[in-house]
Structure formats: structure tokens, C-alpha cells
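Counting starts at 1 for both ligands and their atoms, in listed order. Nothing fancy with the numbering, it's 1 onward along the sequence. Note that the coordinates shown come from a computational prediction; the quantities given were computed from them, not determined experimentally.
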Amino acid sequence: MPNCLVCENKIEPFMSFGKMPIANGFLIPAQFDNEYFFELKVGFCAECYMVQLTEHVEQEKMFHENYAFFSSTSNWMSKHFKNVADMIMSKYLNSESPFVVEIGSNDGIMLKNIASSGVPHLGIEPSSNVAQVAKAKGINTISKFFNEKLAASIVQEYGHADVFYGANVMCHISYLHSIMTGIKKLLKPNGTLIFEDPYLGDIIDKTSYDQIYDEHVFYFSVSAIKKLVEQHDLEIVNVEKLSVHGGSMRYFIANKDTRKIENSVTEQLEIEKNIGIHLKPTYEKLSISIEKSKDKLLRLLKSLKEEGKTVVGYGATSKSTTVINYCGISDELISYITDTTPIKQGKYSPGKHIPIRTHENFTANYPDYALLFAWNHSQEIFENERGFLKNGGKWIEYVPKVGLKE
Ligand code: SAH
Ligand code: TMP
Ligand code: ZN
């Protein structure tokens with residue numbers, strides 16, 4: 001049995017998705033033969049409540065100079081991160097020498113707002129191609145993996161930070177203790193650690209199993225984060241439920257006994273107790289729901305194929321890699337996937353090698369059905385794609401339930 005990455009207790013996997021490729025590993029035909037696969041398995045630690053992958057892909061295989069995810073492809077997320085920057089600047093920079101550090105700063109979607117206000121900042125982004133985009137916008141960025149050692153050198157060069165922020169990145173890092181030790185070193189004594197990640201409660205509630213892929217090493221809950229940060233003499237002082245990325249949680253963390261703890265923390269812990277986030281049977285039930293979801297989606301796609309309908313995928317998301325490979329969806333069921341990200345276009349999807357095409361390809365010749373892989377951006381997409389519906393097109397959704405959008 002594997003060991004928990006947080007407390008080293010033995011954990012039993014509750015679900016295997018079988019062999020999986022790198023979720024963001026879009027490729028060209030010459031690379032098909034050497035594609036990397038690992039077993040995607042997820043387990044629950046009964047000791048510290050952390051849900052996590054039990055086999056891990058080396059970080060350099062996922063985050064590198066050809067990283068395919070550019071945060072700024074979504075206008076909604078740009079607005080979301082503008083609000084984050086405003087919140088940080090108005091509430092958390094009360095010192096005379098303000099300094100904001102962000103990990104996983106990607107193409108600068110959040111920090112550009114801090115930089116344009118003239119606030120000293122530093123982005124830490126190991127994927128050098130996306131980091132380069134941020135640098136070109138004038139955002140101070142270093143292209144390295146954050147850890148305890150890097151924290152010490154940042155303190156030497158820049159001093160201590162008021163805010164350490166991370167969105168959709170803390171859950172990507174297997175060495176969380178080194179990260180926490182580094183953050184503690186880097187923050188001022190009254191500084192704040194703020195991070196947000198997809199929320200385990202939503203994954204359970206919506207059977208959004210496609211959140212499970214190589215990059216997401218952890219599936220956070222308030223219960224598990226509480227235990228983790230307490231080991232570092234830190235405490236959660238506030239939490240905020242967010243609607244982005246299919247349901248996320250934002251955690252506000254400070255040095256122990258330095259702040260008032262908001263009611264939101266105890267309230268959310270109570271909610272988690274009620275949904276059984278700390279109990280093994282919750283995850284056994286989840287694995288049954290996942291299998292049912294797969295069967296239903298496959299039945300639907302196969303029946304549409306038998307009727308001779310054209311079906312394409314919408315959004316070559318990292319999440320779609322899990323759905324496509326776990327369900328065994330080939331280019332016979334989905335002829336292509338449309339995506340607005342240039343680096344993905346003209347390539348093939350990881351594992352099943354479904355072609356990725358431009359958005360113009362989609363609008364020039366609407367299919368009968370589009371399977372919404374980018375369901376976390378549904379509001380933005382439905383607003384933009386009225387033409388598809390006018391043309392008689394229909395959306396297929398699979399989260400929270402498999403079926404056609406009414
Ligand atoms: N914060 C952005 C990007 C999330 S994708 C957003 O929410 O849209 C995760 C990012 O974290 C990637 O760009 C990846 O290169 C980066 N990353 C992965 N491991 C990291 C580490 N150890 N330190 C800093 N960044 C890391
Ligand atoms: P994400 O779910 O990981 O944020 O990835 C979203 C993907 O969907 C990304 O590759 C861009 C793509 N996309 C589109 O193709 N059209 C859209 O309108 C939106 C919002 C995203
Ligand atoms: Zn544990």
C-alpha cells in the first residue's frame with residue numbers, strides 16, 4: 001500500500017482509472033510511439049483526510065518549456081483574477097514595503113493587475129514558455145519550481161512578503177511540507193497565505209471525476225488543509241467557496257493565534273462532516289458514481305453514432321484527458337476537439353489521439369452535437385456559442401449529470 005504524502009500513513013486507493021497519459025501532453029504523430037503512461041489511481045488517507053494520487057508523474061514531465069495551459073484563454077478567469085488582485089491590494093498590503101509573491105503565476109493573469117499598480121511583486125512559474133509571456137508583459141517572474149530552498153533565496157534578494165498567493169497550483173505539488181516551510185520563511189510574521197484549488201466537496205457532489213489527473217496530486221478539503229497547516233504552526237482564518245473551475249475553495253492562512261478566525265471555517269468543517277469527507281465509504285460511493293457516469297456517457301455517444309450524428313468535443317481541457325481515456329472515447333465517437341489555444345491546435349489529444357482543431361473549424365461547419373469538456377467555463381461558452389444552438393446544435397454535458405442540455 002502507498003504512503004500518504006502528508007502524514008505517511010498507509011492509504012488504500014479507492015479508484016483506478018487505468019493507464020493514463022500526461023493530461024496536458026498534446027502531441028504530434030511522430031511522438032505517438034513514445035507516449036508516456038502511468039496508472040491514475042486515487043486514495044483517501046483515514047489519518048489526515050487528504051485525498052491524493054497514489055502514483056505520481058515527475059514534475060518536469062508536466063511543467064516545462066512546452067506547457068499547454070495558458071491561463072488567459074478565459075475572459076472570465078481574467079475578471080476573476082482582477083478581483084483577486086484588488087482584494088489583495090485593498091486588504092492585505094498594510095506594510096510600508098508591500099511585496100506580493102505568487103506561485104504558478106502562469107502567463108501573469110493575476111499579477112499583471114498588481115504590476116500595473118506599481119506594487120512590488122514576484123511570480124514563480126517553472127513552465128518557461130508561459131513565464132515568458134508574463135515577462136513580456138513586464139511582470140517580474142522567475143522560472144523555477146518553488147520549494148523551501150527557493151524561498152530562502154527570495155528572502156535574501158527581495159525580503160519578506162505580505163501575501164503569498166497561489167491559484168490551482170498548491171494541489172499540484174507533492175512536497176507540500178517543503179512548500180509550507182518555504183512559505184513560512186518567506187512571509188512577514190503578520191503576512192497571509194491565500195490559495196484556491198478545486199474543492200473536494202464539489203467533486204463528490206457533482207461526480208466531477210475529470211478533476212482527477214496527473215497534475216492534481218491532491219483534492220483539498222478544509223478538514224485536510226487544517227491538519228496540514230497546523231503541523232506548521234499556521235491556522236486557517238477564513239475560507240471562501242468559489243464557483244470557478246467547477247467549484248473551488250479559497251483558504252486564508254496566517255500564523256497561529258495572530259488573527260480572528262471567521263465563522264466560515266467552523267461552518268465549512270461542519271458541512272464536510274455532514275457529507276462524510278472524513279469517511280472511507282464516501283469514496284467507495286464516489287467510485288460507483290464514477291463508473292455509472294462513464295457507462296451513461298458511452299451509451300449516449302454510441303447511440304448518437306448509430307444515428308449517424310456528428311459529434312465533436314468542445315475544449316481540449318486537461319480534465320478531458322481523464323474522461324476520454326477512462327471512458328475509451330476514440331475519434332470514431334468524437335471526430336475532433338475544438339480549442340482556442342494555439343499550442344494545442346493541429347496536435348492530437350493525449351492517449352486517444354483525437355485531432356485538436358481551431359474554433360473557426362467549429363463555426364464554419366457546426367456539428368450536430370458538442371460534448372462540453374470545458375464545462376467549468378459553461379456560462380462563458382454558452383454566451384459565445386448562441387450560433388451553434390441557432391443552427392440546431394445541441395450540447396452534451398456529463399457533469400453533474402450525463403445528458404443533453406435543455
Ligand atoms: N495560477 C494559474 C495557473 C494554474 S496551472 C491559474 O489558476 O490559471 C498551474 C501552474 O503552476 C502551471 O503554470 C505550472 O507550471 C505551475 N507550477 C507547477 N508546479 C509549481 C511549483 N512547484 N512552483 C511554482 N509553480 C508551479
Ligand atoms: P481549463 O478547463 O483547464 O481552464 O481549460 C479550458 C480549455 O478550454 C483551454 O484549452 C481553452 C479552451 N477554451 C475554448 O476552447 N473556448 C472557450 O471559450 C474557453 C473558455 C476555453
Ligand atoms: Zn495522511
Side-chain angles (χ1 to χ4, degrees), residues 3-11 23-24 26 43-52 59-60 62-65 67-78 80-81 84 101-111 123-131 134 142-147 150 165-176 178-179 182 195-198 210-211 213 215-217 224 227-228 244-246 248 313-321 337-345 356-359 362 372-385:
N3 292 87
C4 172
L5 289 169
V6 175
C7 76
E8 291 180 11
N9 183 46
K10 293 271 176 231
I11 45 173
N24 268 311
F26 297 89
F44 161 69
C45 176
E47 198 65 35
C48 75
Y49 311 147
M50 191 65 92
V51 173
Q52 57 198 282
Q59 58 182 5
E60 290 80 6
M62 302 185 283
F63 310 115
H64 42 61
E65 67 285 0
Y67 188 54
F69 179 69
F70 288 72
S71 300
S72 300
T73 45
S74 162
N75 292 330
W76 276 59
M77 290 311 292
S78 285
H80 171 80
F81 286 117
V84 170
V101 175
E102 184 186 9
I103 53 168
S105 46
N106 201 277
D107 57 12
I109 189 167
M110 195 291 279
L111 277 183
I124 303 161
E125 177 44 68
S127 297
S128 57
N129 60 335
V130 294
I142 45 176
S143 200
K144 286 193 175 152
F145 288 96
F146 182 75
N147 57 26
L150 187 66
Y165 178 74
N168 309 301
V169 57
M170 293 290 272
C171 73
H172 292 49
I173 308 176
S174 60
Y175 41 95
L176 279 182
S178 164
I179 297 290
F195 65 91
E196 58 190 75
D197 284 283
D210 57 351
Q211 293 285 6
Y213 56 87
E215 289 182 20
H216 290 170
V217 176
K227 288 207 173 209
L228 167 72
V244 296
H245 286 305
S248 294
Y314 196 103
T317 57
S318 23
K319 296 185 292 294
S320 69
T321 296
I337 304 169
T338 176
D339 197 287
T340 52
T341 319
I343 196 175
K344 297 180 184 177
Q345 294 160 355
I356 315 297
R357 304 230 168 105
T358 60
H359 185 245
F362 178 73
L372 187 59
F373 285 130
W375 57 268
N376 49 315
H377 301 286
S378 61
Q379 259 180 300
E380 177 174 5
I381 292 169
F382 293 155
E383 266 173 35
N384 292 340
E385 298 294 358

Undergrad: Would you sort out whether S378 and L372 count as a side chain to side chain contact (heavy atoms under 4.5 Å, CB included), showing the intermediate values?
TA: CA-CA 8 Å; S378 61; L372 187 59; 3.8 Å; yes

Undergrad: What's the count of protein N, O or S atoms under 2.8 Å from the Zn ion (ligand 3)?
TA: 4

Undergrad: Please could you name the atoms of ligand 1 that G104 approaches to less than 4.0 Å, counting only its heavy atoms?
TA: 1 (N), 2 (C), 3 (C), 10 (C), 11 (O), 16 (C), 24 (C), 25 (N)

Undergrad: Under 3.5 Å between any N/O of I103 and any N/O of ligand 1: does that happen in this structure?
TA: no

Undergrad: Looking at atom 3 (O) of ligand 2, what's its closest protein heavy atom, distance included?
TA: F69 CE1, 3.6 Å

Undergrad: Would you mind running through ligand 1 and noting each atom that sits below 4.0 Å from a heavy atom of I124?
TA: 24 (C), 25 (N)

Undergrad: Could you check whether any side-chain N or O of Q211 sits under 3.5 Å from a backbone N or O of H245, counting only pairs where one atom can act as donor and the other as acceptor?
TA: yes

Undergrad: In the protein, what heavy atom is nearest to atom 14 (C) of ligand 2, and what distance, to one decimal place, separates them?
TA: T340 OG1, 3.4 Å

Undergrad: Quick one: which ligand 1 atoms are inside 4.0 Å of a heavy atom on F63?
TA: 14 (C), 15 (O), 18 (C), 19 (N)

Undergrad: If the cut-off is 4.0 Å to any non-hydrogen atom of E380, which atoms of ligand 2 fall inside it?
TA: 20 (C)

Undergrad: Tell me the protein heavy atom at minimum distance from atom 22 (N) of ligand 1, and give that distance in Å.
TA: Y175 OH, 3.2 Å

Undergrad: Do V101 and I124 come close enough that some side-chain heavy atom pair is under 4.5 Å?
TA: yes

Undergrad: Any donor-acceptor pair under 3.5 Å linking the side chain of S127 with the backbone of E65?
TA: no

Undergrad: Is it true that Y175 and Q59 share a donor-acceptor pair across their side chains at a distance under 3.5 Å?
TA: yes

Undergrad: Quick check on contacts: which atoms of ligand 2 are under 4.0 angstrom from a heavy atom of H245?
TA: 4 (O)

Undergrad: Counting non-hydrogen protein atoms only, what is the nearest one to atom 7 (O) of ligand 1? Give residue, atom name and distance.
TA: N168 ND2, 2.8 Å

Undergrad: Between S318 and E215, is a side-chain hydrogen bond (donor to acceptor under 3.5 Å, both in side chains) present by the stated rule, with each step listed?
TA: CA-CA 9 Å; S318 23; E215 289 182 20; 5.3 Å; no

Undergrad: Got I343 and N129 here, is their nearest side-chain heavy-atom distance under 4.5 Å?
TA: yes

Undergrad: For ligand 1, does F195 get within less than 4.0 Å through its side chain, its backbone, both, or neither, judged by non-hydrogen atoms?
TA: neither

Undergrad: Give the contacting part of D339 toward ligand 2: side chain, backbone, both or neither, where contact means a heavy-atom distance below 4.0 Å.
TA: both

Undergrad: Looking at ligand 1, does I109 have a heavy atom less than 4.0 Å from it?
TA: no

Undergrad: Rounded to the nearest 0.5 Å, what separates atom OG1 in T341 from atom CD1 in I356?
TA: 9.5 Å

Undergrad: Considering the heavy atoms of F69, write down every atom of ligand 1 situated less than 4.0 Å from one of them.
TA: 5 (S), 8 (O)

Undergrad: Answer yes or no: does an N/O atom from N384 fall short of 3.5 Å to an N/O atom of ligand 2?
TA: no

Undergrad: Please could you name the atoms of ligand 1 that V169 approaches to less than 4.0 Å, counting only its heavy atoms?
TA: 11 (O), 17 (N), 25 (N), 26 (C)

Undergrad: Do side-chain atoms of K227 reach the backbone of E47 as a donor and acceptor pair under 3.5 angstrom?
TA: yes

Undergrad: May I ask you to test the S320-D210 pair for a side-chain heavy-atom distance under 4.5 Å?
TA: no

Undergrad: Would you mind reporting whether E125 and D107 have side-chain heavy atoms less than 4.5 Å apart?
TA: no

Undergrad: If we ignore hydrogens and angles and just use 3.5 Å, is the side chain of Q52 paired with the main-chain N or O of C4 as donor and acceptor?
TA: no

Undergrad: Can you pull out the closest protein heavy atom to atom 5 (O) of ligand 2? Residue, atom name and distance to 0.1 Å, please.
TA: T317 CG2, 3.6 Å

Undergrad: Just to confirm my output: which protein heavy-atom neighbour is closest to atom 25 (N) of ligand 1, and how far is it?
TA: P126 CD, 3.1 Å

Undergrad: Considering non-hydrogen atoms of the protein only, which is the closest contact for atom 17 (C) of ligand 2, and what is the distance?
TA: I381 CG1, 4.0 Å

Undergrad: Given that the side chain starts at C-beta and the backbone is N, CA, C, O, which of these parts of I173 lies under 4.0 Å from ligand 1, counting heavy atoms, or is it both or neither?
TA: side chain

Undergrad: Below 4.0 angstrom from a heavy atom of T341, which ligand 2 atoms are there? Numbered from 1 as shown, please.
TA: 9 (C), 10 (O), 11 (C)

Undergrad: H377 heavy atoms, cut-off 4.0 Å: which ligand 2 atoms fall inside?
TA: 1 (P), 2 (O), 4 (O), 6 (C), 20 (C)

Undergrad: Please verify the inter-ring angle class for F63 with H172; under 30° counts as parallel, over 60° as perpendicular, anything in between as tilted.
TA: tilted

Undergrad: Who's the nearest protein heavy-atom neighbour of atom 6 (C) of ligand 1, and how far?
TA: S71 OG, 3.4 Å

Undergrad: Heavy-atom contacts with N106 under 4.0 Å: which atoms of ligand 1 show up? List them by number with element.
TA: 3 (C), 13 (O)

Undergrad: Does V130 reach the side chain of F69, with side-chain heavy atoms less than 4.5 Å apart?
TA: no

Undergrad: Return yes or no for this condition: an N or O of K144 is under 3.5 Å from an N or O of ligand 1.
TA: no

Undergrad: Does the side chain of H377 come within less than 4.5 Å of T317's, by heavy atoms?
TA: no

Undergrad: Tell me the contacting part of F146 for ligand 1: side chain, backbone, both, or neither, using a 4.0 Å heavy-atom threshold, strictly below.
TA: both

Undergrad: Please round to the nearest 0.5 Å and tell me the distance separating atom CG of L150 and atom CD1 of I103.
TA: 10.0 Å

Undergrad: Hey, could you give me the CD1/CG distance between I173 and L5, rounded to the nearest 0.5 Å?
TA: 12.5 Å

Undergrad: Distance-only, no hydrogens or angles: does the E102 side chain make a donor-acceptor pair with backbone N or O of G123 under 3.5 Å?
TA: no

Undergrad: Determine whether the side chain, the backbone, both or neither of N376 has a heavy atom under 4.0 Å from any heavy atom of ligand 2.
TA: side chain

Undergrad: Would you check if V244 and E196 make a side-chain contact, meaning some heavy-atom pair closer than 4.5 Å?
TA: yes

Undergrad: Are any side-chain N or O atoms of N3 and backbone N or O atoms of E8, one a donor and one an acceptor, separated by less than 3.5 Å?
TA: yes

Undergrad: Tell me the protein heavy atom at minimum distance from atom 13 (O) of ligand 1, and give that distance in Å.
TA: E125 OE1, 2.7 Å

Undergrad: Using a 4.0 Å cut-off to any heavy atom of K344, which atoms of ligand 2 qualify?
TA: 9 (C), 10 (O)

Undergrad: So, do H216 and K319 sit near enough that their side-chain heavy atoms are less than 4.5 Å apart?
TA: no

Undergrad: Can you pull out the closest protein heavy atom to atom 2 (O) of ligand 2? Residue, atom name and distance to 0.1 Å, please.
TA: K319 NZ, 2.8 Å

